[in-house]
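Have a look at the structure below before the remarks.
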Amino acid sequence: MCGLVLASARPEFAQHTSERERRVHDSRLLVQPKPEVSAEGLGEFHAFQRVRVLRTFTGLRGLQILEVPAGESLEAALQTYRNSGLFQIAEPDCVARLAATVPDDPKFLDGTLWGLNNFGQNGGLADADIDAPEAWDIRHSASNLVVAVIDSGVRQTHHDLSANLWQHPTTGSHGFNALSPAEQPDDDNGHGTLVAGILGAVGNNGLGVVGVCWSVQIMACKFVDRFGEGTLSDAIACIDFARSNGAKVINTSWGIEEFSEALSNVVQQAGSEGIIVVAAAGNRSSDTDVYPYYPASLALDNVVAVAATTRTDELHFQSNYGLNSVHLGAPGSEIVSTYHLSDDAYATRFGSSMATPFVAGAMALLCAEFPAASPAQLIQRLLNGTDPLPGLQGKSISGGRLNLQKALSDGPAQTFLTIQLAPEQDWLELQVRGQPGRRFVVESSIDFREWLPVVTNQIPSGGFFAVTNSVCENCPTFFYRAVETLADGGTRSE
Ligand code: CA
Ligand code: CA
């Protein structure tokens, strides 16, 4: 009867279904008289019921909003109207709610966490956000999913984090400390605790902030010291710990500018085991297609590189970008999260480091929602679900900013062509990502007029195919495009 109560109830959201129970306005009815009923007769009937007409919609076949006198039974009045035979429609006035699951965490409710829900507060642009409340209607927790925060550690006693920390089944440890393996991965810098809170601060506990995931298992892997520095070897030890202890998503809010085969191998190994690495694009205002930043710039199908956007949906001025090496943007300025200085400390930071855990948290929810999907398929879903932004067009693979609600829903299938130069730079790899089953021809041109086919292939179940092409120093500049080939021999350009 009340079609306006939105959102589907799912078993795991049992605590919210009670809030969604049908509610009706306590003194109003909606009625539409039958066409043959005269205005005079209608007026008399209302007067006899002592009902007041609040509004008549003349353009809506005379639909009326009625007010039942105080103290009268709404239910009885409704029956009287239905039984009168005078009305085509006689309904209660249902209370509509936005299709949004809203947690009680104060910094969410007061608008501090603009990246999750931006209604234009503090100079922001309305809806320059990841549509978290709408997404949380679909899923807000990934309780069994392990996300490794490879960083400076996590304050393990923080009131807004401790319930969401992973625990080693035998030792009870919350992670791994590569700097001092006998010790817990405590945070003496703050960076890791900020990252952890963005992706997974405890939601709906009446405290502080809420993570993209309200409930998740955060594995703290420490390789960064209190000065904000760590070594590649310790980072690799952390990735290996995460890989061998059940992490499904790894957050790397850091990077190095030199290519490391060892780092590439350990990330690739993680990918072969279904683990997704969500990596910061870096904060040097530079193009990572030209100046790579690893692990973000690794051309592996389990790596997602994230740039930082602002509360007005622009690329943050310090964020790196890259048409072929940065996948998407996510909120990364004026981000408030948990901090390491006390159990109820919070702090504000900016940068792709803060944007990355928005995507890692989103990825955790996607993994929980689509457990059979491969890393490449989940990344494809993430890219399909972005909101296009002018500031990210030509500066990222998707051209858009994370939209969690779209990523969790079935968005339109999109196709992306990316080009990566091999580290030795004598060949390049072209990747075509899209909906499995669709066929594409990759074409090249030197003048945008004549296009020659390079290869035709079908997108396999993994979500992309790759082609390599050699490059030479004195050749002209080649441009590439992917064109869909349809079953009837026609084409549809992409
Ligand atoms: Ca929104
Ligand atoms: Ca909280």
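Order of listing sets the numbers, starting from 1, for every ligand and every atom in it.
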Residue pair L74 / L29, side-chain heavy-atom distance below 4.5 Å: yes
Note, I397 side chain near L328 side chain (heavy atom, < 4.5 Å): no
Heteroatom N/O/S of A201 within less than 3.0 Å of the Ca ion (ligand 2): no
N/O/S atom of N205 inside 3.0 Å of the Ca ion (ligand 2), strictly under: yes
Salt bridge (Lys or Arg N to Asp or Glu O under 4.0 Å) partner of D188, chosen from R155, K222, R226: K222
Between H191 and S353: side-chain donor-acceptor atoms closer than 3.5 Å: yes
Qualifying residue, where the test is ring pair (Phe, Tyr, Trp, His ring centres under 6.0 Å) with Y346 and the options are H159, H158, H340: H158
Heteroatom N/O/S of V210 within less than 3.0 Å of the Ca ion (ligand 2): no
Apex the Ca ion (ligand 2) - arms O from V209 and OD2 from D105 - angle rounded to 10°: 90°
Shortest non-hydrogen separation from S333 to H316 and the atoms involved: CB-CD2, 3.4 Å
Ionic contact status for D387 with K406, cut-off 4.0 Å: yes
Under 3.0 Å: N/O/S of V202 next to the Ca ion (ligand 2): yes
Sum of protein N, O or S atoms, each under 3.0 Å from the Ca ion (ligand 1): 4
Three-point angle D160:OD1, the Ca ion (ligand 2), L207:O, rounded to the nearest 10°: 100°
Cation-pi geometry met for R284 and Y293 (6.0 Å, 45°): no
Heavy-atom check, side chain of F241 versus side chain of M219, under 4.5 Å: yes
